[in-house]
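Step one of this worksheet: look at the structure below.
Chain naming here is simple, since letters A, B, ... match the order of the sequence lines and numbering starts at 1 in each. For clarity, every value in this text was computed on a predicted model and none was experimentally measured.
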Amino acid sequence: MSNEHHITPLRTYLIIAGSLLFLTGVTVWVSFIDLGSFNIILAMAVATLKASLVVLFFMHLLWDDKKNLVVFVMSLMFLGIFITFTLLDTGFRGGINPEVKNSINSKASFYDNLPLTDTHGNPVDSHDNHHEDKDDSHH
Amino acid sequence: MSENQNINYLNHPKGIMSWLLTLDHKRIGLMYLFSGIIFFLIGGLLALGMRLELAAPGNDFVSNDTYNSMYTLHGAIMIFLFIIPAIPGALGNILLPLMVGAKDVAFPRLNLASFYIYSFGALFAIYTIVNGGVDTGWTFYTPYSTQSTSNVVPMTLGIFIIGFSSILTGLNFIATVHKMRVPGLTWYKLPLFVWALYGTSLVQITATPVLAITMVLLILERFLGIGIFDPALGGDPVLYQHFFWFYSHPAVYIMILPAFGIISEIIPVHSRKKVWGYKFIAYSTLSIAFIGFLVWGHHMFTSGQSVFSQIVFSFITYFVGIPTGVKIFSWILTMYKGQVSFTTPMIYALSFLFLFTIGGLTGIFLGAVALDIHLHDTYFVVAHFHYVMQGGTIIAFLAGLHHWWPKSFGKMYNQKIASLCALGVFIGFNGTFFPQFLLGLRGMPRRYATYSDQFSELHTYSTFWSTILGLSIFIAILNLMWSLRKNNKLDPGSNPWGALTMEWTHTSSPPHPHNFESDPVFTNGPYDYDKVIVEPTLKK
Ligand code: HEM
Ligand SMILES: [Cu+2]
């Protein structure tokens, strides 16, 4: 059992802190590379790795009762199930009705009210023809 | 068994505060039981009101708006205020510690907190009722739910709050099963009801947070206009359905697993036979709990989700049938060559077997995409889920209530009336809901107050039998309440069904305030009817 207290050497903490800083650098760096739809996957992968390091080392999950590790891994698994199956929908839509292919309506009137920028703060081109669903759906 | 006949959890300590602030799992269980029954009554009256409206094709009694509110409240109350919290909360709370030989659940204070969180959430639901209802259907589908001017926010807030009560109860039960078992009571000797509660609790703590998130997202979109589900705001309405059913399909197992547990207890006792396939039943509980997380898309076959995910969800849905079938066959084999006695709990349990099988099989029909495109949102679906939820869960709940009533209160109800009511429930139930399968097959859509004349004959049947159903349940409950009168005490040593689980063999009826007068010693497995002889004893 895990009742004895685990004492983590300072060195480990420093190494983990270093890796976290490094991974933060990676996050910033990959945001400059456009991988299309893999952008989000990569960003999430790096973020998950960082969170896992924090939980495993800083929060001592690695040395804790293994049941707690099981719970942690299970919660990741359920999140994975949820996201994967939902992507099976949004990623393959439009087979029968092509008009529902894009799950997010980028022409929504909502975007008219926002100063739209991409991830680097450059303004997104103006959207003159973005008013298709405005006229009748406003109350 | 008990020498000291006067001290039990019901009369010791005394006073209203000793109830409201009690940490005793049995008292908390009773508080859940009575609040649950009140909501069951409200939900039931709403249902009878709807059947009255549907007795004839036109708008005879209520307007369309009122009808919308009635079915929404009926569904939301029955599911979120009665079945989900009250069944594990009542029977689970009363029995789990007794069955594992513990003095209480692992965290008694948390247990009381769960009850008050549930009550607090229930206040929002009551507010919704008195403030004019809510008309979105119990599923709160967007985009309508972000636009409806009815009480969507109070109701979803109530559900959000009640969800925390479920999570905490689940946590408490899991800790209790892991840590509080009496020495010698290994996992494979646990009563199957305990396994069922364990599986239910796992689903509660993994799925319920998603419901909470869904409700918060809905409220955020309504109040702050953040585009999550509304396409006009850049959201995706189908995403709402993913969120909702990621919780709500597992939630149907939160509703049915405790029922499976109750049936697994009752059938061996009233058949005087060791349960057949103990491990099959135990593991099928866990696998149902897991597979239940992979099939939610079968509620969305007409929502516009991708064809690819329809195929995947349809395919996985069939797998649910396997562990479910395993259980049904195990129960039937348990009765095979046993001494089956037709006591009230057993009549309910047999009804369960029959009705749940119909409900489960029609679920498999609906899991087939091609068929569901036709049947979705028709009365066929309504009939399916009433066969599983009322024919399954509520009948199992009534079975359990009658089985453990003498244990919980030390009183025996009039068994003749109770058995007659059980038959009335069975007949009334089939009379009410079987015609709804036919209505659905013929194209009658759900959630309408009116219909075209061709449907009127079947609707009239359904309404007629629903009064028999309602009346039978009502009399059954009155009969139970009537047994609580003063001069109707049982001998505290009574074991009226001759059961072998610890709550019957190791403590009095009603149990001692601390469950067992001395530390219990685990002696026999819960279903060792082949090794141990127990005689049913019922003394006044
Ligand atoms: C054998 C296992 C089961 C299968 C394969 C199954 C399958 C399905 C399917 C495919 C639907 C969607 C129908 C539609 O909307 O077109 C459905 C609806 C439903 N099922 Fe089941 N089911 C099963 C068991 C259960 C159980 C045990 C419960 C609850 C105790 C349950 C409760 C419901 C409810 C409440 C709905 C309707 C939800 C709504 O739209 O309001 N089902 N089922
Ligand atoms: Cu489902």
Side-chain angles (χ1 to χ4, degrees), chain A residues 1-3 37 40 65-68 70-118 124 127 130-139, chain B residues 143 146-147 149 171 174-175 178-179 202-203 205-210 213-214 221 225-243 245-247 249-250 289-298 300-313 316 373:
Chain A
M1 289 294 287
S2 58
N3 284 338
S37 54
I40 180 85
D65 191 332
K66 286 292 171 276
K67 280 190 207 105
N68 295 336
V70 171
V71 172
F72 180 67
V73 171
M74 255 176 51
S75 62
L76 285 181
M77 184 187 76
F78 281 110
L79 188 67
I81 290 175
F82 182 48
I83 293 178
T84 313
F85 278 78
T86 304
L87 290 181
L88 289 186
D89 169 18
T90 52
F92 294 87
R93 269 194 209 160
I96 292 177
N97 305 315
E99 63 273 20
V100 299
K101 197 172 180 84
N102 291 322
S103 54
I104 293 183
N105 177 4
S106 54
K107 294 181 180 170
S109 53
F110 173 70
Y111 292 111
D112 291 350
N113 309 324
L114 293 179
L116 268 199
T117 55
D118 66 13
V124 173
H127 24 273
H130 284 186
H131 305 282
E132 48 171 31
D133 50 34
K134 261 174 126 181
D135 31 35
D136 52 2
S137 66
H138 261 257
H139 348 254
Chain B
T146 49
Q147 293 161 9
T149 50
L171 198 72
I174 289 179
H178 275 278
K179 294 287 182 197
L202 283 177
V203 182
I205 60 174
T206 35
T208 316
V210 180
I213 294 167
T214 315
E221 183 167 298
I226 297 177
I228 297 157
F229 305 126
D230 184 353
L233 301 176
D236 177 3
V238 180
L239 182 64
Y240 175 85
Q241 299 187 24
H242 281 294
F243 267 104
W245 290 113
F246 183 81
Y247 162 76
H249 185 81
F290 180 69
I291 300 173
F293 276 96
L294 307 176
V295 299
W296 76 84
H298 66 212
M300 302 167 54
F301 286 150
T302 62
S303 69
Q305 71 175 333
S306 77
V307 175
F308 182 56
S309 42
Q310 307 214 358
I311 295 169
V312 172
F313 279 126
I316 305 178
I373 303 274

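Residue B:F293 touches chain A through both its backbone and its side chain, counting heavy-atom pairs closer than 4.5 Å. Residue B:I311 does not touch chain A at all, counting heavy-atom pairs closer than 4.5 Å. With a threshold of 4.5 angstrom between heavy atoms, B:Y247 does not approach chain A through any atom at all. Heavy atoms of B:I205 lying under 4.5 Å from chain A are absent altogether. Both the backbone and the side chain of B:F243 come within less than 4.5 Å of a heavy atom of chain A.
Nearest heavy atoms, B:E221 versus B:I228: OE1-N, 2.9 Å. In terms of heavy atoms, B:W296 sits closest to A:I81 at CH2-O, 3.9 Å.
The only member of B:Q305, B:Q310, B:Q241, B:H242 that meets side-chain hydrogen bond (donor to acceptor under 3.5 Å, both in side chains) when paired with A:D89 is B:H242.
The ring of B:F313 has its center no closer than 6.0 angstrom to the ring center of B:F301.
Considering only heavy atoms from C-beta on, B:L294 comes within 4.5 Å of A:F85 through its side chain.
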